[in-house]
Protein chains: 2
Amino acid sequence: MTAEAPKSPPFADADALVVALGTRARAAAKRLAAATTGAKAAALRAAARQLRAQAPAILDANARDMAAGAAGGLGPAMLDRLRLDATRLGAIADAVEAVAALPDPVGAEIDRTERPNGLVLSRVRVPLGVVGIIYESRPNVTADAAALGLMAGNAVILRGGSEAAHSNRAIHAALAAGLSESGLPEDAVQLVPTQDRAAVGALLRAQGLIDIIIPRGGKGLVARVQDEARVPVLAHLDGINHLYIDAAADPAQAVELAVNAKMRRTGICGATETILIDRAYPAPLAIVDALVRAGCEVRGDARIAALSPHIARAEAGDWDCEYLDAIVSIATVDGLDGALAHIDAHSSHHTDAIVTEDAATAERFLSAVDSAIVMHNASTQFADGGEFGLGAEIGIATGRLHARGPVALEGLTTYKWLVRGSGQTRP
Amino acid sequence: MTAEAPKSPPFADADALVVALGTRARAAAKRLAAATTGAKAAALRAAARQLRAQAPAILDANARDMAAGAAGGLGPAMLDRLRLDATRLGAIADAVEAVAALPDPVGAEIDRTERPNGLVLSRVRVPLGVVGIIYESRPNVTADAAALGLMAGNAVILRGGSEAAHSNRAIHAALAAGLSESGLPEDAVQLVPTQDRAAVGALLRAQGLIDIIIPRGGKGLVARVQDEARVPVLAHLDGINHLYIDAAADPAQAVELAVNAKMRRTGICGATETILIDRAYPAPLAIVDALVRAGCEVRGDARIAALSPHIARAEAGDWDCEYLDAIVSIATVDGLDGALAHIDAHSSHHTDAIVTEDAATAERFLSAVDSAIVMHNASTQFADGGEFGLGAEIGIATGRLHARGPVALEGLTTYKWLVRGSGQTRP
């Protein structure tokens with residue numbers, strides 16, 4: 001820790017710190033809820049300019065995190081997530097500007113009805129209020145989450161991982177400078193000023209001060225948040241995603257989709273982890289071969305393993321494993337019903353897809369699979385807010401309440417009912 | 001407890017009981033999610049027929065609850081909530097049939113977009129899954145909640161109050177007979193077979209088995225549920241509702257709305273509890289007099305209390321009190337900004353209303369008040385799912401997540417994303 005970031009903040013304890021942060025956030029949220037689209041967009045553009053202007057300080061802070069991470073034994077994947085350079089920082093600033101250009105959800109009318117007694121009812125979107133985001137090593141989340149939260153009219157409290165503490169403080173300083181320039185309250189985006197883990201517990205208990213907590217990170221973080229939180233949580237769990245190759249799949253398309261769904265990027269939550277192949281599908285070997293050629297380790301059931309010496313036998317645990325790596329499990333299933341039964345038993349309800357030329361089978365799959373995203377003849381790697389045209393996302397919600405799938409600006413709002421009358425009394 | 005309802009169910013403990021209930025509910029929910037609108041409506045009509053056919057048994061069971069309640073010292077208001085007669089039971093059956101006639105939300109398309117790469121995305125409504133409802137003395141909730149839950153494609157687990165245990169079992173038996181006739185799974189609607197309070201705790205901890213808990217009852221119940229629940233909760237808190245009489249209000253309308261908003265029924269959550277009168281409003285005495293004539297106790301601030309000997313002085317606690325009775329607090333405020341400040345400080349964010357002929361003032365109020373329902377020139381007593389045209393409601397949500405205000409069929413659903421492609425891979 002450095003001088004500008006005291007390890008012991010001037011608060012009696014973590015709860016007192018969070019009360020202070022939450023009270024300031026609540027006051028800022030009131031002002032943000034009334035802010036115009038233009039004011040919010042201008043603030044984000046100013047924040048993007050500050051990110052570019054303060055690049056030297058941000059990259060310097062990041063270098064300190066990288067050095068500490070390397071000395072502390074962070075693995076190469078973690079170090080890569082942590083690392084910023086001029087290109088990556090430019091992309092972060094671009095992303096903030098892109099959010100500024102998105103349609104403002106606040107004030108949008110969801111529906112409107114007129115009752116027989118003349119009352120006119122409408123639902124309009126309003127901000128959620130105060131959003132807490134607890135995340136791990138990626139410093140870009142500091143800017144992304146702040147931008148999305150603010151554009152939806154919310155005050156944001158950010159709690160990043162200790163390995164990115166210097167980077168996060170530097171990015172936050174740039175954002176705060178942008179807000180300050182623009183006239184929106186600086187407290188619209190606050191960074192928890194300590195890495196003390198007790199602060200996370202205090203955030204999770206801050207009912208009334210924080211309206212929703214969004215955890216972004218690995219299983220351990222999400223599990224802790226879900227277990228401890230008294231504040232509602234919008235969680236992103238595993239992506240144990242399936243690609244089902246139906247008997248009626250186009251064989252060339254099946255190969256292309258299997259390789260893309262698994263191998264385009266293996267570490268993202270939309271990557272396919274298990275391929276299900278209909279026993280009646282004529283060309284399973286071509287799929288396996290293409291995956292092996294693409295560098296994928298294949299773990300198959302007995303029938304698949306018998307196809308090629310390159311295939312290991314899957315063990316029971318493979319069907320419930322989110323590899324996030326160049327490994328795939330492949331099971332043989334008996335038609336659509338077999339695929340649905342396997343998905344029902346093993347899917348994490350994130351994204352599941354079918355490949356088939358049979359429209360009726362496709363529609364049955366789309367209807368029967370109870371996952372946040374269900375696809376037909378498309379790569380599961382499309383599970384992404386940007387690819388869905390939402391502009392950006394704060395995460396992919398795998399729960400059932402409030403928002404499901406990619407969560408963007410709309411998911412960071414709620415609504416209120418407006419009732420316009422002319423003196424109606426209720427009989 | 002009687003022979004047909006053993007005090008010790010055949011389970012090791014409350015958790016084992018809830019696992020059994022939840023597992024059966026989950027299986028039923030899978031079948032319900034695929035049930036057609038016609039099948040669900042037919043099941044509800046059969047349930048309504050059974051409620052009518054089994055009226056003697058239900059009224060007999062209710063008489064036992066009433067006798068036990070009277071002997072146990074339940075107050076007249078509680079006994080009235082508990083009491084069934086032929087008319088009330090007929091209304092319960094009618095309400096079940098009315099739900100059967102509502103538009104089915106399941107399968108409805110929320111939106112649809114086509115991406116430049118040809119992917120077609122749509123969001124369609126799907127059931128939430130398993131809904132747990134924990135409620136107190138009103139036995140009609142057993143039928144109402146079951147009907148709404150089922151029509152939205154959910155399995156329902158009901159846990160009623162011990163004072164209505166016989167009535168609830170008899171109503172549940174009729175519903176189960178209707179479901180059984182219709183071919184939908186009987187486990188679609190289960191009643192927790194014990195009044196052991198540990199069962200409530202087990203329901204609140206049943207993550208993975210229950211998707212949402214809806215408490216319906218007094219503050220003590222809702223507070224316990226919110227405090228203990230690990231399952232998401234859709235809660236209905238206080239209705240500390242305000243009616244603001246602006247300087248530009250029509251005086252005759254102001255009197256009518258004030259009397260209706262407060263006095264039409266004083267015990268419902270949409271009743272006004274505090275009236276705010278603009279210092280510039282010319283005729284506050286007429287409002288006070290009309291309320292007093294209607295039988296209302298008025299507690300005013302110094303200025304209001306000076307208007308009439310019938311007015312007591314309000315104490316500080318009055319501004320935060322949900323009377324649910326023929327009592328109103330009245331404060332003088334300085335125009336719209338004063339009203340907004342008072343509402344911000346004291347509203348429970350349920351329903352707040354303005355009376356004014358000034359359209360710009362009305363729109364400022366509608367925009368600035370952050371409550372689930374905000375009204376202009378209408379009685380707060382309209383805060384009701386039926387009055388909103390939703391057909392029925394499972395409650396009025398005062399939280400910010402998932403659903404807000406009157407929650408009906410749509411609020412008992414979530415959505416999934418469908419992605420229809422033609423072989424697209426992600427670059």
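As the structure is a prediction and not an experimental result, all values here were calculated from the model. Here is how names work: the chains are called A, B, and so on, in the same order as the sequence lines, proteins then strands, and each is numbered from 1.
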Considering all heavy atoms of both residues, which atom of [X] and which atom of [Y] are nearest to each other, and what is their separation?
{"X": "A/R426", "Y": "B/I268", "result": "NH1-CD1, 4.3 Å"}
{"X": "B/H402", "Y": "A/Y415", "result": "O-CE2, 4.4 Å"}
{"X": "A/I373", "Y": "B/V419", "result": "CG2-CG2, 4.0 Å"}
{"X": "B/L401", "Y": "A/L128", "result": "CD2-CD2, 4.0 Å"}
{"X": "B/S379", "Y": "A/T425", "result": "CB-CA, 4.1 Å"}

Check each atom of B/A368 against the heavy atoms of chain A and say whether the ones under 4.5 Å are side chain, backbone, both or neither.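 B/A368 touches chain A through backbone heavy atoms alone.
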
If you count heavy-atom pairs under 4.5 Å between each of [options] and chain B, which one has the most?
{"options": "A/D344, A/N117, A/T351", "answer": "A/D344"}
{"options": "A/D384, A/D370, A/V259", "answer": "A/D384"}
{"options": "A/V355, A/I354, A/D211, A/T380", "answer": "A/D211"}
{"options": "A/L234, A/D227, A/V120", "answer": "A/D227"}

Give a yes or no on whether the backbone of [Y] and the side-chain of [X] come within a donor-acceptor separation of less than 3.5 Å.
{"X": "A/K416", "Y": "B/G405", "result": "no"}
{"X": "A/R400", "Y": "B/P127", "result": "yes"}
{"X": "B/R230", "Y": "A/Q226", "result": "yes"}
{"X": "A/W417", "Y": "B/R404", "result": "yes"}

Part of [X] within contact of chain B (heavy atom distance under 4.5 Å):
{"X": "A/D250", "answer": "neither"}
{"X": "A/S422", "answer": "backbone"}
{"X": "A/A33", "answer": "neither"}
{"X": "A/R123", "answer": "side chain"}
{"X": "A/V233", "answer": "neither"}
{"X": "A/A34", "answer": "neither"}
{"X": "A/V374", "answer": "both"}
{"X": "A/L366", "answer": "both"}
{"X": "A/T413", "answer": "neither"}

Rounded to the nearest 0.5 Å, what separation is found between the CG atom of A/L121 and the CD atom of B/E387?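 The distance works out to 10.0 Å.
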
Could you give the distance from CG (B/D111) to CD (A/E410), rounded to the nearest 0.5 Å?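 Separation between the atoms: 7.0 Å.
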
Output the option from [options] having the highest count of non-hydrogen pairs under 4.5 Å with chain A.
{"options": "B/P406, B/S367, B/G389", "answer": "B/G389"}
{"options": "B/A383, B/A252, B/A229, B/A362", "answer": "B/A229"}
{"options": "B/Q381, B/Q424, B/E256, B/Q253", "answer": "B/Q424"}

A side-chain contact here means heavy atoms from C-beta on lying under 4.5 Å apart; do B/R420 and A/E363 qualify?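 Yes, close enough: below the 4.5 Å cut-off.
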
Do the side chains of B/L119 and A/F382 get nearer than 4.5 Å, heavy atoms only?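 Result yes, sub-4.5 Å side-chain heavy-atom pair found.
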
